[in-house]
Amino acid sequence: MNAVAIEKTISRIPQATDFAEFVTRSEVEDLLYHEAELLDTWQLNEWLTLFTEDGCYYVPSTDLPRDASSDNSLFYIADDPVRLHERVVRLMKKTAHSEYPRSHTRHLVSNVRVLDANADEVKVAAAFVTYRIKFGSTDVYVGSTHYRLRRLHGQLRIVEKRCFLDLESLRPHGRVSILL
Amino acid sequence: MGNEAKLVDIDEKNLRFRVAREAFVSGNVLASEYEQIFNKCWLYVGHASEFKKPGDFVTRTIARRNILVTMGTDKKINAFFNTCPHRGATVCRDRSGNSKNFQCFYHGWVFGCDGNLKSQPGKESYGEGFAASGAGNLVPVPKFDSYAGFCFISFNPEVEPLPDYLAGAKEYLDLVSNYSESGMGISSGSQEYAIRANWKLLVENSVDGYHAVSTHASYLDYLKNTNGSLSSTKLEGKSRDLGNGHAVLEYTAPWGRPIASWIPLWGEKGKKEIEQIHARLVERFGEEMADRMAHKNRNLLIFPNLVINDIMAITVRTFYPQSPDYMLVNGWSLAPNEESEWARKFRLSNFLEFLGPGGFATPDDVEALESCQNGFNNYQSVPWSDISKGMGKESPSYDDELQMRAFWSRWNQFISGTPSPQANQRRLTSVA
Ligand code: FES
Ligand SMILES: [Fe+2]
C-alpha cells in the first residue's frame, strides 16, 4: 500500500480501538514524538535508524496533487534509501553550508491518526508544524505527514515518510535544507 | 541615476571589473531596475508546452504584474493583464487550468480566452456599442512572442523584435529544443521559493563556474560516495558572451545526463537506452553536434532574469526582486515529451539531487547568496565586489567571470542611460 490516503467520505468517526489488534495510537505517538526529538537535537544518524532498510522520504512540490509521483512530477525531495542515507551524511558535515552553523528546529506533531493497519503495515497521518530558526529568521513549515510503518522485531519503523506542505510555495524560506 | 557615482567600474588596462555593492542594497537602484530593465526588456512568461488546447491557461506574477496567459480558440497564446477592465478585481484566481471563459466574480463580467468581453450583467445600462468598442476587453500585454517554445512578454511596445533581442542566445535555445523530436515539455510540479538576497546575486550564481568546488564540496563528496554516479569526466570548458547581456558556460562534468551521458549507476539497460538516444542525435545532427549536445553542460543566462541550466537535468528558472534584499524564484523541469519512463525518472531524480530547495546543492547556493547580502550591509566601508577573473584572456574558461561581466555591462547600459544598438551588439571578447 501507499502512504497517501485521500479520505473522501467519512461514514463514521474512527475510534482508538479500530486497529487495536495491530497497533495503538499511543504507540505511534511515542514513535513520532521520539522522531521529533531526534531531529530537534540533530541526532540524525539515530533518526535514520527509525527507518527500515527500504525507507523513503518525500516532500512533493506545493502545487501537486497528493497522489503525484516523483517518477513523473517535480518534487522538492524524493529520497530512496541510498539518497536518504546520503542526505544525513551530508547534513552532518561542516560543508553543508546551509545547515552549518546548525539551525534550531522545533518539530511539533499533532492530530495523529491511525488510518489503516494490518499484520504487515500501519498507515498513519499526522499534522506538523516545524520551525527553522537561524540568523534572525524564523521560518515555518506547516503540513501533514503520511507515514507507512512496519513492525520489525516488535518495533514500529518507518517505511515511508511523505510530507505534504500546506504552504502555497516555499516562501519565504527558500529551502528545505532541514529534515521535516 | 545618471549623475550619481558609477555602479560598474571597468578598468581594462589593469584588468579590473568591479561592481558597487550599493547596487545590491539601494531602493533607488531597484526602482530604476524596474523602470529601465523589467519595463523595457523581454521577460520569460512560460513554455509553449503549458498550452496544449484552447482554454489552457496559467496565471503568473511577472515583474510585479498579475498576468493571465491563455490559449485562445484559434490556438494562439495570449497574455493579458489579469485585472478586470471594469473596476480592477483579479479576473482569474486559479494558478492554471482549462477554461473557455473567465468570469470576474466581483460584478460578473465574463471574458473569453481571447480576452474579449462576452457578457455583462445589466448590459442594457451601458451605452450602446460599449462591448463593441473593446473598452470592456481584457487588456493584452503590449508584446508577446516565442522562440523555440520559450514564451516571452514585454511591457515595452517599442521593444526590439524577440529574435534580435535574443542575439547569440538563439543558438542555445535551439539546441535545447532540438533534444526532442516531439517537443520539449515542462514537467508537472514547480519549485517556488524565495531568497533573502538581491536578485542579481542569483544571476551571478546561476552562471558561476568558479564556486562549485567549494560551495558544493558536499555534493561532489556525495557523487563520489554513491557507487557509480560519478564518471571520470573533468569539470572543464569555456564561457561565452552571447551579446545583449546574455551569456553561457559550456563545459564537461562528471555527472550523468539523461541526454545522453551514461554513468555506471544507470546499469546496462540504461546504457542501451542512452546509446540509442545518442545514435539518434548523430543521425539528426552529425557526430560533432551530437557529442556537444550529449556531453556538454550549458548554463545559459538570458538577460535579465531567465536561466536555463542544461546540466544533470534541465531547469528553467526566473526570479524577480520584491525588495533589494528579497527575491521570488520560480523553477521548472524541462524534458523531451517522448522520454521513456525510465529516463524521466532518472532525470527527475538527477534534478532533485542537485537542484532546488531540497537538493544537495541549491540550499548552499541560497546560503551563499544570503551571506553576501548580509555582507553588503558594510557597503559604505567596503564598497566594491570584484568580478575580474579571467579578464583579458583570449578564451575565458567556464570558471572565469566573463559571463557576469556580460550581464553587468548590459545592466549598466540600461541603468545609466539608453543603450545604443552598437553597444548592444558589442561583446566582451571575440568568440569562436
Ligand atoms: S470588477 Fe470585474 S466585474 Fe466589476
Ligand atoms: Fe551553485
Side-chain angles (χ1 to χ4, degrees), chain A residues 56-65 67-103 132 134-137 139 141 163 165 167-180, chain B residues 95-96 186-197 214-223 225-227 229 265 313 315 322 326-333 335 339 341-342 344-346 348-349 351-353 355-371 374:
Chain A
C56 297
Y57 168 53
Y58 300 93
V59 183
S61 293
T62 49
D63 61 343
L64 287 171
D67 55 359
S69 162
S70 60
D71 290 354
N72 49 38
S73 292
L74 184 66
F75 278 32
Y76 287 120
I77 294 173
D79 284 351
D80 62 6
V82 173
R83 197 149 74 194
L84 181 57
H85 176 259
E86 291 298 325
R87 182 174 296 276
V88 167
V89 169
R90 193 183 92 83
L91 278 175
M92 296 308 284
K93 288 183 177 168
K94 281 193 180 181
T95 48
H97 308 289
S98 177
E99 292 305 321
Y100 191 87
R102 280 178 189 154
S103 47
R132 174 180 185 269
K134 193 176 178 184
F135 293 155
S137 296
D139 290 324
Y141 303 83
C163 301
L165 291 164
L167 307 172
E168 291 183 298
S169 63
L170 207 55
R171 290 173 183 155
H173 329 55
R175 54 190 132 181
V176 261
S177 51
I178 56 165
L179 294 155
L180 292 179
Chain B
R95 298 170 54 107
S96 64
I186 296 284
S187 307
S188 58
S190 56
Q191 296 190 333
E192 303 190 353
Y193 53 108
I195 304 178
R196 292 177 172 111
S214 53
T215 299
H216 301 311
S218 68
Y219 169 72
L220 296 170
D221 285 351
Y222 158 75
L223 288 183
N225 287 351
T226 43
N227 191 13
S229 56
L265 179 74
T315 181
Q322 284 284 87
Y326 187 69
M327 77 180 103
L328 305 178
V329 188
N330 290 316
W332 297 271
S333 167
E339 191 164 66
E341 273 176 37
W342 172 87
R344 180 60 55 90
K345 195 175 155 183
F346 265 113
L348 290 167
S349 168
F351 188 113
L352 294 190
E353 205 159 88
L355 288 162
F360 285 8
T362 299
D364 294 337
D365 288 313
V366 173
E367 184 76 9
L369 271 48
E370 294 185 352
S371 157
N374 193 35

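First the proteins, then the strands, lettered A, B, ... as listed; each starts at 1.
If you measure heavy-atom distances from A:S70 to chain B, the contacts under 4.5 Å come from the backbone alone. For A:I77, the parts sitting under 4.5 Å from any heavy atom of chain B are the backbone and the side chain alike. Using a 4.5 Å cut-off between heavy atoms, A:V59 makes no contact with chain B at all. Both the backbone and the side chain of A:A78 come within contact range of chain B, with heavy atoms under 4.5 Å apart. Heavy-atom distances place the side chain of B:R95, and not its backbone, under 4.5 Å from chain A. Only the side chain of B:F351 has a heavy atom closer than 4.5 Å to any heavy atom of chain A. With a 4.5 angstrom heavy-atom cutoff, B:W342 does not touch chain A via any of its atoms. Looking at B:Y326, only its side chain comes within 4.5 Å of chain A, counting heavy atoms on both sides. For chain A, no part of B:E339 is nearby; none of its heavy atoms comes within less than 4.5 Å. Proximity to chain A (any heavy atom under 4.5 Å) is shown, for B:L328, by both the backbone and the side chain.
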From CA spacing to verdict: side chain to side chain contact (heavy atoms under 4.5 Å, CB included), A:L74, B:Q191:
CA-CA 8 Å; A:L74 184 66; B:Q191 296 190 333; 3.7 Å; yes
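Highest contact tally toward chain A, considering only B:S349, B:S96, B:S190, is held by B:S190 [criterion: heavy-atom pairs under 4.5 Å]. With chain B as partner, the option from A:S137, A:A68, A:S177 having the largest number of non-hydrogen pairs under 4.5 angstrom is A:S137. Interface remark: of the candidates A:F135, A:F75, A:Y100, A:F75 forms the most heavy-atom pairs closer than 4.5 Å to chain B. Options B:P363, B:S218, B:S187 differ in how many heavy-atom pairs under 4.5 Å they form with chain A, and the most are formed by B:S218.
In this structure, the side chains of A:R87 and B:Y222 stay at 4.5 Å or more apart for every pair of heavy atoms. No side-chain heavy atom of A:H173 sits under 4.5 Å from any side-chain heavy atom of B:P357.
Not one N or O on the side chain of A:D71 forms a donor-acceptor pair closer than 3.5 Å with the backbone of B:K345. Between the side chain of A:H97 and the backbone N or O of B:A368, no donor-acceptor pair lies under 3.5 Å.
The heavy-atom pair separating A:R171 from B:V329 by the smallest distance is NH2-O, 2.9 Å. Here the closest non-hydrogen pair linking B:F360 and A:R90 is O-NH1, 3.1 Å.
Atom OH in A:Y58 sits 11.0 Å away from atom CG in B:L352 (nearest 0.5 Å).
Between A:K134 and B:E367 there is a salt bridge, since at least one side-chain N of the basic residue sits less than 4.0 Å from a carboxylate O of the acidic one.
The one candidate from A:S69, A:S73, A:S61 that meets the side chain to side chain donor-acceptor pair (under 3.5 Å) condition with B:S188 is A:S73.
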